[in-house]
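Please read the structure below before turning to the comments.
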Amino acid sequence: MTANPIAETVRSLMPRARAELTELVAFESVADENVAPRSECEAAANWVADALRAEDFRDVALLDTPDGSQAVYGILPGPAGAPTVLLYAHYDVQPKLDESAWLSPPFELTERDGRWYGRGTADCKGGVILHLLALRALKANGGVPVTVKVIVEGSEEQGTGGLERYAEEHPELLTADAIVIGDAGNFRVGLPTVTATLRGMTMIRVQIDTLEGNLHSGQFGGAAPDALAALIRVLDSLRGPDGSTVIDGLPGDRVWEGLQYPEENFRQDAKVLPGVDLPGGGTVADRIWARPAVTVVGIDCHPVAGATPSIPKTARAQISLRVPPGQDAAEATKLLFAHIENHTPWNARVTMEQVGQGQAFQADTSSPAYASMAEAMEVAYPGQEMQTAGLGGSIPLCNTLASLYPEAEILLIGLSEPEAQIHAPNESVSPEELERLSVAEAHFLLNYARSNQV
């Protein structure tokens, strides 16, 4: 990294960053009281609020949002006439999932092979630390040249829309000239990347009922309608012979024109087992950035442990559908409901409910903010030109912000590069990426302030 005062300051702050991220990761802040106590989210929110107060933010508040979560807000006034930049991250995390698959405790930051492991290190508690590092570096080198607003969400991973609804009810709160969403990631470690598109998402639960009670499979099997078998038929209908997502009426053949994702790199990043084929057609980039993708994220029925030879009367599944830019998530949900209804066999009773939804997002990469970020990335990553990529995941708040503030320039950066393995066991963050992106964000704020001078 080219020596400069900002970079030197960030480097000197890295031990503090690790200590703070260790504290933040220790909170099991899953925004689902069926998984973790609400007090864990409350403690994480208070930690963030205290950190903002320590950096002289004003009007720091815990915002009670309609889904029951708390978002943390604060404002750091800049020079008169300076533009306003909103910095976003979230403190809630995914559940630990299979704790036995973790090589170190999920809520205890652990260094291994040059990376920091723990749930939320990259997604997105590391994003909170990234923003703090950038601001501290600026304060130590002449001051923050813009007005900064920070919003840290408390239920992003649940997709329940608490912050979106709060922002709609209080549109003046998050007004800004530029918005930096710190919840994306570089295409790979060391390659500076902004994310230009996000797939939208709909999450539904499906239940199939066929019998008044479970039946002996020897006495009734072969004629009695099996709820789990019916559910399997339904789920199988959501994919074509090559594994492509096929939902009646939903286009699935769009092409990604930008940065490509070589299959060998994807296999390594996704840790695909040797000899296992990738599902779907087209390029990897087509499949993960430009086309819909269905995933069965959970099934409720008889567990294998303690299973008995009986026919299940009911079976339930939770389904995630990722929707690319250009497709409306609400319309995709209707098509998904209709598809399941039409493909349920034996006139079985099927009930469905939607449990989450967010629209896809597409940024304007020709905006002045992108030019400012590209210059900043060149400083933080010498010799590397900033790339523009898509992201298969969803950040529903992006569309809410774009709708509320159509003139605002929205950029997506972050620490969730492929090696981070977000949402999976052994999530981790590269401290080098945290350092470089903090330098980049600080220089972006400097560049953006200069670009807005009259």
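Model, not experiment: these values are computed from the prediction. When reading the values below, keep in mind they use all heavy atoms of this one structure, side chains included, and skip hydrogens, waters and symmetry mates. Residues: numbered from 1 along the sequence shown.
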Spacing of [X] atom [atom1] and [Y] atom [atom2] [to the nearest 0.5 Å]:
| X | Y | atom1 | atom2 | value |
| --- | --- | --- | --- | --- |
| Ile422 | Glu157 | CD1 | CD | 7.0 Å |
| Asp56 | Arg53 | CG | CZ | 12.5 Å |
| Thr193 | Gln384 | OG1 | CD | 9.0 Å |
| Thr351 | Glu341 | OG1 | CD | 10.0 Å |
| Asn214 | Ile311 | CG | CD1 | 9.0 Å |
| Leu238 | Leu321 | CG | CG | 8.5 Å |

Return the minimal non-hydrogen interatomic distance between [X] and [Y], and the atom names on each side.
| X | Y | value |
| --- | --- | --- |
| Ile6 | Ala442 | CG2-CB, 3.7 Å |
| Leu133 | Ala17 | CD1-CB, 3.9 Å |
| Ala317 | Val296 | CB-CG1, 4.4 Å |
| Ala122 | Ala420 | CB-CB, 3.8 Å |
| Gly281 | Arg287 | O-CG, 3.3 Å |
| Gly120 | Glu427 | N-OE1, 3.1 Å |

Any non-hydrogen side-chain atom of [X] less than 4.5 Å from a side-chain atom of [Y]?
| X | Y | result |
| --- | --- | --- |
| Phe27 | Tyr91 | no |
| Ile204 | Phe337 | yes |
| Thr365 | Val194 | no |
| Ser244 | Pro279 | no |
| Val189 | Pro418 | no |
| Lys149 | Thr175 | yes |
| Phe107 | Glu99 | no |
| Met14 | Pro431 | yes |

With a cut-off of 6.0 Å (strictly less than), are more than 12 heavy atoms of other residues, nucleotides or ligands near CZ of Arg188?
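Atom CZ in Arg188 is packed in, count exceeds 12.
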
Heavy atoms of other groups near Gln268 CD, more than 12 under 6.0 Å
no

Could you check whether [Y] and [X], counting side-chain N and O atoms only, form a donor-acceptor pair closer than 3.5 Å?
| X | Y | result |
| --- | --- | --- |
| Ser430 | Glu419 | no |
| Thr314 | Asp209 | yes |
| Thr308 | His302 | no |
| Tyr370 | Glu409 | no |
| Asp67 | Gln158 | no |

CA sep, side-chain torsions, deciding dist, call: Ile181, Leu401, side-chain contact (heavy atoms from CB on, under 4.5 Å):
CA-CA 11 Å; Ile181 306 289; Leu401 296 176; 4.1 Å; yes

[X] with [Y]: basic N within carboxylate O range, under 4.0 Å:
| X | Y | result |
| --- | --- | --- |
| Asp236 | Arg233 | no |
| Arg16 | Glu20 | yes |
| Glu169 | Arg165 | no |
| Glu8 | Arg11 | no |

When the ring planes of His343 and His339 are compared, do they come out parallel, tilted or perpendicular, using 30° and 60° as the limits?
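Answer is parallel, since the angle falls under 30°.
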
Mark yes or no for whether [X], through its side chain, and [Y], through its backbone, hold a donor-acceptor pair below 3.5 Å.
| X | Y | result |
| --- | --- | --- |
| Gln354 | Thr202 | no |
| Lys139 | Glu55 | yes |
| Arg119 | Gln94 | yes |
| His170 | Tyr166 | yes |
| Glu441 | Met373 | no |
| Ser217 | Pro309 | yes |
| Ser12 | Thr9 | yes |
| Thr295 | Ala293 | no |
| Asn399 | Ala360 | yes |
| Thr388 | Ala196 | no |

Take Asp183 and Asp123, measure what side-chain contact (heavy atoms from CB on, under 4.5 Å) needs, and give me the verdict at the end.
CA-CA 7 Å; Asp183 192 22; Asp123 183 26; 2.9 Å; yes

Side chain to side chain donor-acceptor pair (under 3.5 Å) partner of Asn186, chosen from Gln387, Glu433, Glu417:
Glu433

Quick one: do Gln70 and Asp64 satisfy side-chain contact (heavy atoms from CB on, under 4.5 Å)? Show the steps, please.
CA-CA 5 Å; Gln70 291 182 315; Asp64 294 318; 3.2 Å; yes

Might you work through the side-chain contact (heavy atoms from CB on, under 4.5 Å) test for Trp47 and Lys125, ending with a clear yes or no?
CA-CA 11 Å; Trp47 189 99; Lys125 292 175 177 178; over 6 Å; no

Centroid-centroid distance, Tyr73 to Phe57, less than 6.0 Å
no

